[in-house]
Amino acid sequence: MKILFFSPYFYPYTSGVTTYPLKILTYLAKKNEVTVLTFLYDKKLSNQVTHNPSTSLRTGQLTINRMPYWFKISKGFISPQSLIYFFKYAKKTDLIILNQPNFEGLFLALLGKLFHKKIISIFHCQVFLEGNLLTKVINFVLNTSMKTQLNLSNKIVVYTKDYINSLPYFKKLENKTLEILPPIEKSVSDNKYLNMLTKLKKNNIWIGYAGRISSEKGLEYLIQAINVIRRDGACPVSTLIFAGPYEKDVAGENNYYKKVVMLLKEYKIKHTFLGNLTSKQLSSFYKSIDLLVLPSINQTEAFGMVQAEAMIAGTPVIASNLPGVRIPIKLTKMGIIVEPKNIDQLSKAIKDILENKNKYTNARLVRNAKEIFDIKKVYKFYDKLLTLIN
């Protein structure tokens, strides 16, 4: 099949909404011709590239086309030029896949219907932007566009029913909504990088966070919880380790990064920002830390794939009691769920896991997690979906 995929941001931009489709499209490109339309968010990138991460791409092809734009509003792109690309590629494709949430894909969805093309939406989350009147207007326009695209789609793929059941408008979309856990790759470490982290860690306790440094992640509450633990002398937490993009590598979140750094300095908490890591380095990171914390504060976070990655690497997790986000711990029992923004619960949960680690991670629990998050199940799901919709 000729498959056209659209996402405003794509590889090498790092977030859950980009790593998920990269894994799926790389797999689909083994037997299909896959074209990605995205925006040239970084001028250093090439306009077009054939992505071939391994020799497994034998019969198909994955081509990334990065479209120009005039300017950005928040994280969105204003690009009249994209209409030319949408028209050109929509006409000759067999299937359109839209990465949600996005605003810009509305025009591609409308063209898809005009040309009688099948449309699949991969729904990651709804966006909940907080701020001034302009921010609220942007949030409304973005989500209105996304909901329209979902209505135009033939099928919608979601992570969990727990999340979509919290969104009232999904009741009207139930008959075309399919549920599958996100693709989690096997834990394969970079031994050289793991040795480096082990030497850096020494005998200290490391509390880890993996993901973008962005406002919906609630890192200020994690920092305050660490400060409470240290102040009370509950346990010798010494260092916060951050893995993932930060500062200017995260669109629209530079001010939040500065706020996080300011709090770390204010509370004199030792910390390290590792930046973007390869999948093998990330696995090494999970194995080096004592605990992973995902303190998300709103429903822009819909699952948190880093939780599952940490679990299959044998690391226990603390996550917020939010729809979707709480599911990995409920499925595996490898952690503790706490209420969002609750510093007292978070600090107690950290103390509990550090003092009773074998309760939250052992050989039996890790085997179970690997079975639950077997990526082969996800690939089989997409094979069946393409057969169904073709």
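Atoms considered below: every heavy atom in the structure, side chains included; atoms not considered: hydrogens, waters and symmetry mates.
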Intermediate values then yes/no, side chain to side chain contact (heavy atoms under 4.5 Å, CB included), Leu22 and Thr26: CA-CA 6 Å; Leu22 178 62; Thr26 300; 3.9 Å; yes
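- Between the side chains of Asn342 and Tyr221, no donor-acceptor pair of N or O atoms lies under 3.5 Å.
- Note: the hydrophobic cluster containing Leu114 also contains Phe107 (ILVMFWY, side chain heavy atoms under 4.5 Å, direct or indirect links).
- In this pair, Phe10 and Phe5 present their aromatic rings tilted. The plane angle is within the 30 to 60° band.
- Thr300 places a side-chain N or O within 3.5 Å of a backbone atom of Phe128 that can act as its donor or acceptor partner.
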Side chain to side chain donor-acceptor pair (under 3.5 Å) evaluation trace for Asn356 with Asp352: CA-CA 6 Å; Asn356 305 279; Asp352 185 15; 2.8 Å; yes
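- Nearest heavy atom pair, residue Ala369 against residue Thr332, reads CB-CG2, 4.0 Å.
- In plain terms, the two heavy atoms of Met305 and Pro183 that are nearest each other are SD-O, 4.3 Å.
- In summary, Lys377 and Glu371 engage in a salt bridge, as defined by a charged side-chain N under 4.0 Å from a carboxylate O.
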Evaluation steps, side chain to side chain contact (heavy atoms under 4.5 Å, CB included), between Ile207 and Ile289: CA-CA 6 Å; Ile207 304 299; Ile289 62 178; over 6 Å; no
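- A donor-acceptor pair under 3.5 Å is absent between the side-chain atoms of Asn276 and the main chain of Gly244, judged by distance alone.
- For the 3.5 Å distance criterion, the side chains of Ser166 and Gln299 qualify, holding a donor opposite an acceptor.
- In summary, the side chains of Ser189 and Ser283 do present a donor paired with an acceptor at a separation below 3.5 Å, with no hydrogens or angles considered.
- Stacking of Lys43 on the aromatic ring of Tyr69 is recorded, both the 6.0 Å distance cut-off and the 45° axial limit being met.
- Under a hydrophobic clustering in which Ile, Leu, Val, Met, Phe, Trp and Tyr are joined whenever their side-chain heavy atoms come within less than 4.5 Å, directly or via other members, Ile164 and Leu331 fall into different clusters.
- Not one N or O on the side chain of Lys118 forms a donor-acceptor pair closer than 3.5 Å with the backbone of Leu95.
- For the atom pair CD1 of Ile229 and OG of Ser347, the computed distance is 5.5 Å after rounding to the nearest 0.5 Å.
- Side-chain atoms of Thr278 come within 3.5 Å of backbone N or O of Gln281 as a donor-acceptor pair.
- Residues Ile375 and Val34 share a single hydrophobic cluster, defined by chaining ILVMFWY side chains whose heavy atoms lie under 4.5 Å apart.
- Ser145 and Gln149 form a side-chain donor-acceptor contact under 3.5 Å, judged by distance and modelled atom types alone.
- Evaluated for a ring-ring contact (aromatic ring centres under 6.0 Å, His included) with Phe77, the options Phe6, Phe39, Trp70 yield exactly one hit, Phe39.
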Side chain to side chain contact (heavy atoms under 4.5 Å, CB included) between Val325 and Phe303, worked out: CA-CA 4 Å; Val325 180; Phe303 189 83; 5.9 Å; no
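- Using modelled atom types and a 3.5 Å distance limit, the side chains of Thr198 and Asn195 yield no donor-acceptor pair.
- Of the possible donor and acceptor atoms, one in the side chain of Lys176 sits under 3.5 Å from a partner among the backbone N and O of Asn151.
- Tyr20 and Tyr159 have their aromatic ring centers within a separation under 6.0 angstrom.
- Between Lys359 and Glu355, none of the side-chain N atoms (NZ, or NE/NH1/NH2) sits under 4.0 Å from a carboxylate O, so this pair counts as no salt bridge.
- Taking the ring axis of Tyr89 as reference, the NZ or CZ atom of Lys92 stays within 45° of it and closer than 6.0 Å to the ring centre.
- A salt bridge links Glu253 with Lys75; the closest basic N to acidic carboxylate O contact falls under 4.0 Å.
- Heavy-atom minimum distance, Leu4 versus Ala90: CD2-N, 3.9 Å.
- Distance alone, capped at 3.5 Å, is enough to place a donor-acceptor pair between the Ser284 side chain and the Asp190 backbone.
- The two residues Met146 and Pro101 have their closest heavy-atom pair at SD-CB, 3.5 Å.
- Within the 6.0 Å centre-distance limit, the rings of Phe87 and Phe115 are counted as a close aromatic pair.
- Taking the six-membered ring where the residue is Trp, the centroids of Tyr41 and Tyr9 are separated by under 6.0 Å.
- The shortest heavy-atom contact between Phe381 and Val157 is CE2-CG1, 3.8 Å.
- Using a 4.5 Å cut-off between side-chain heavy atoms of Ile, Leu, Val, Met, Phe, Trp and Tyr, with links allowed through other members, Tyr246 and Ile269 fall into the same hydrophobic cluster.
- Of the charged side-chain nitrogens involved, at least one lies within less than 4.0 Å of a carboxylate oxygen, so that Glu301 and Lys217 count as a salt-bridged pair.
- When the side chains of ILVMFWY residues are joined at heavy-atom separations under 4.5 Å, either directly or via intervening members, Tyr163 and Ile297 end up in two distinct hydrophobic clusters.
- Side-chain contact check for Asn102 and Gln100: at least one donor-acceptor pair (N or O, by modelled atom type) lies under 3.5 Å.
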Verdict with reasoning, Asp42 to Tyr13, per side chain to side chain donor-acceptor pair (under 3.5 Å): CA-CA 9 Å; Asp42 186 339; Tyr13 189 85; over 6 Å; no
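- Nearest approach of Tyr360 to Pro316, heavy atoms of both residues: CB-CB, 3.9 Å.
- Remark: the backbone N or O of Glu220 is paired with a side-chain donor or acceptor of Gln224 at under 3.5 angstrom.
- Atom CD of Gln81 has more than 12 heavy atoms from other residues, nucleotides or ligands within 6.0 Å.
- Not a single donor-acceptor pair under 3.5 Å links the side chain of Glu33 to the backbone N or O of Gln61.
- Side chain of Thr361 to backbone of Lys357: no donor-acceptor contact under 3.5 angstrom is found.
- Tyr257 and Phe273 have their aromatic ring centers within a separation under 6.0 angstrom.
- Asn321 and Arg326 share a side-chain donor-acceptor pair at under 3.5 Å.
- A donor-acceptor contact shorter than 3.5 Å is absent between the side chain of Ser320 and the backbone of Leu322.
- Within a 6.0 Å radius of NZ in Lys147, other residues, nucleotides and ligands contribute more than 12 heavy atoms.
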Chi angles and distances behind the side chain to side chain contact (heavy atoms under 4.5 Å, CB included) call for Thr50, Leu62: CA-CA 6 Å; Thr50 299; Leu62 174 56; 6.0 Å; no
